[in-house]
Amino acid sequence: MRWLFSCTFVFLYSTRQQITHMELTDQQRERLKALEELVKLGINPFPPEEFEVNVTAKDILDNYERDKLSYKNISIAGRLMNRRIMGSASFAELQDGTGRIQIYLKRDEICPGEDKTLYNRVFKHLMDIGDFIGVKGYVFTTQTGETTVHVKSLSLLSKSLRPLPVVKTDSEGKTHDEFRDVELRYRQRYVDLAVNEGVRDVFMKRTRIINSIREFLNGKGYLEVETPVLQPLYGGARARPFKTHHNTLDMPLYLRIANELYLKRLIVGGFEGVYEFAKDFRNEGMDRFHNPEFTQMELYVAFKDYLWMMNLVEEMVEKVALDIHGTTQVKYGDNILDFCRPWKRYTMYEAIKKYAGLDIEGTDEDQLEKYCRQLSIKTDKSMGRGAMIDEIFSTTCEPNLVQPVFITDYPVEMSPLAKKHRSKPGLVERFEAICNAKEICNAFSELNDPIDQRQRFEEQLKLHDRGDEEAMVPDEDFIRALEYGMPPAAGLGAGIDRLVMIMTNSPSIQDVIFFPQMKPERK
RNA sequence: GACCUGGUAGCUCAGUCGGUAGAGCACAACCCUUUUAAGGUUGGGGUCCUGGGUUCAAAUCCCAGCCAGGUCACCA
């Protein structure tokens, strides 16, 4: 109780300090003055009472014309976004969670008696753009044909003390003074969401995409699970981790870079289909395709292989496109991407033959190094066959892969958790789905042979000792689990952020993550 | 990490050859009863990212730094 009291006291004290000592802009001072005057008039600028809402902006705009009788007695709340005051009558715009609707206020209707303060003083001078208000009244259509709420009573629900950018759209649909500065938009996403039309829609689509995938997987009978974010050993991907420390246990912990090894332990335990939408963390560079924390959906299904998983991925992503866009064709930048099944499938060797004109099947390291030189790809001694093939693929093929495509059968060195190919030595049973030149999924027939797995980990350890910080560290408990026996299984990792980028035509990963990572503001 | 570009009013942006800092929206005051990027009149508002330097004089030129975006590298 005492600490609560002192916290509250410190909070109030520091708030007052800030308000009195912080340098305020003229517009902030105006709003504080308005707030004081409201209090003097007996109006609480932050009232606690519920304001009962019985309709949304979208509901009115969608249905009023068809069903005018239902909109005689409405109550709606939202943010005041624009005002056009014409003496004793005014138009304004109210924005709620569903959209914007025009409201109409007449002095003598909201102030039927002698006292015109509510209109003349409160509405015209003490309320500002950004304030939350509640109105009651009825819906009508103006002379120019705009569906509008005729206000009979008006109340202030929450005062806004900072000026919101005013974004306007003209009759041709052109946006003026859009809140555009990306740094401000990402740092103050609340403002971005409040004033920029379309931003909210991107994030609503993000949730719908995740729901669509979840629905699909639940429909197949797979179980959504949760596995540790804090891991004593990081594994399941090639990446540098974030390291942290547990005080009581006095031991290092890592934020997960993947959850693969935990989900496979669950397959060992007898679950036959498990998935998780996982926040993963990778301590690497950032650009418009990489945020240090990102969302990956991983799925493991017993008794299946990577060929089966390819069909599932096609079905799943096609469903997402249909759920979000109603068609398999999705506009991204200058391209129309078509997710209609079946997608093209190339082995990695076929892709390199097609796009680089090189036949690398059966080539030795010297020959590959020569090819790399031809393509001006830098090589070093740590690079084996696999690494060079991977490099050749990413420089010559990937940029050309715009339409969704599966690339299959990767070199074994790059895939320490994938099962060796049933018929092609040196390769593993793995595929990536690539779209718009970026990987969106990665999957394999999971390696379930504990002896082979131990050897792969040992190979990785050698790479690690040579200075490869991304090489995987051996996980003895995982091997122990495999030794008890894991059924054959197909596994998948799907980059949710990148899928959302594509489905929402967003050029940067920061556009699909509410609060992308940023350096602190200097103050 | 390297290179390129940018940072000016609350927002969006101009700012010429180095010579007292500009516009639109927003804000304040006034007018206006169906407007809609409402309109009209008047007015206020600036650490020109920060710190140095050159100069009689710097938003502007030079150097260093901070933040952001882009390209590359690293990385899936």
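Reminder, nothing fancy here: chain letters follow the sequence lines and each chain counts from 1. Heavy-atom basis, side chains included; hydrogens, waters and symmetry copies ignored.
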Engineer: Taking the minimum atom-to-atom distance to the side chain of A:Gln510, which one of B:rA26, B:rG69, B:rC67 wins?
Structural biologist: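 Closest nucleotide to the A:Gln510 side chain: B:rG69.
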Engineer: Among B:rC75, B:rC67, B:rU33, which is the nearest nucleotide to the side chain of A:Lys519?
Structural biologist: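 The nucleotide sitting nearest to the side chain is B:rC67.
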Engineer: Look at the side chain of A:Glu30 and the base of B:rA28, then say whether one donor and one acceptor between them are separated by less than 3.5 Å.
Structural biologist: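 Flag unset: no donor-acceptor pair detected.
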Engineer: Going by purine N1 to pyrimidine N3 plus the second Watson-Crick contact, or the G-U wobble pair, all under 3.5 Å, which nucleotide sits opposite B:rG1?
Structural biologist: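 In the structure as shown, B:rG1 has B:rC72 as its Watson-Crick or wobble partner.
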Engineer: Going by heavy atoms closer than 4.0 Å, what residues in residues 150-160 of chain A are next to RNA chain B?
Structural biologist: none
Engineer: The side chain of A:Met86 lies closest to which of these nucleotides: B:rU33, B:rC11, B:rA28?
Structural biologist: B:rU33
Engineer: What does A:Ala239 touch in the nucleic acid at a heavy-atom separation under 4.0 angstrom: a base, only the sugar-phosphate, or nothing?
Structural biologist: sugar-phosphate
Engineer: Which nucleotide, B:rC11, B:rU33, B:rC75, lies nearest any side-chain atom of A:Glu470?
Structural biologist: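 Closest of the options to the side chain of A:Glu470: B:rC75.
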Engineer: A:Phe179 has a side chain; which of B:rU35, B:rC11, B:rU33 sits nearest to it?
Structural biologist: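 Minimum distance to the A:Phe179 side chain belongs to B:rC11.
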Engineer: Under a 3.5 Å cut-off for both contacts, is B:rC61 paired Watson-Crick or G-U wobble with anything, and if yes, with which nucleotide?
Structural biologist: B:rG53
Engineer: Check every atom of B:rG24, B:rC32, B:rG44 against the side chain of A:Asp26 and return the nucleotide holding the closest atom.
Structural biologist: B:rG44
Engineer: If you check every side-chain atom of A:Arg180, which of B:rU12, B:rC75, B:rA38 has the closest atom?
Structural biologist: B:rU12
Engineer: Which one, B:rA29, B:rG24, B:rA68, comes nearest to the side chain of A:Asp177?
Structural biologist: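 In terms of side-chain proximity for A:Asp177, the closest of B:rA29, B:rG24, B:rA68 is B:rG24.
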Engineer: So does A:His176 reach the base of B:rC25 with its side chain, donor to acceptor, closer than 3.5 Å?
Structural biologist: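 Not at all, since no donor on one side and acceptor on the other fall under 3.5 Å apart.
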Engineer: Side chain of A:Asp287 only, heavy atoms from C-beta on: which candidate in B:rC74, B:rU33, B:rC67 is closest?
Structural biologist: B:rC74
Engineer: Pick the nucleotide of RNA chain B nearest each of A:Met518 and A:Pro165; which residue has the one closer to the 5' end?
Structural biologist: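 Counting from the 5' end, the first nearest nucleotide belongs to A:Pro165.
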Engineer: Is there a Watson-Crick or G-U wobble partner for B:rG6 with both distances under 3.5 Å, and if so, which one is it?
Structural biologist: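 In the structure as shown, B:rG6 has B:rC67 as its Watson-Crick or wobble partner.
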Engineer: Name every residue in residues 98-118 of chain A that has at least one heavy atom under 4.0 Å from any atom of RNA chain B, in order of residue number, or write none if there are no such residues.
Structural biologist: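 Heavy-atom cutoff 4.0 Å gives A:Gln102, A:Tyr104, A:Lys106.
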Engineer: Any strand is fair game: report the nucleotide pairing with B:rA28 by Watson-Crick or G-U wobble, both distances under 3.5 Å, or none.
Structural biologist: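 Base-paired to B:rU42.
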Engineer: If you find the nucleotide of RNA chain B closest to A:Phe140 and the one closest to A:His125, which residue's nucleotide is nearer the 5' end?
Structural biologist: A:His125
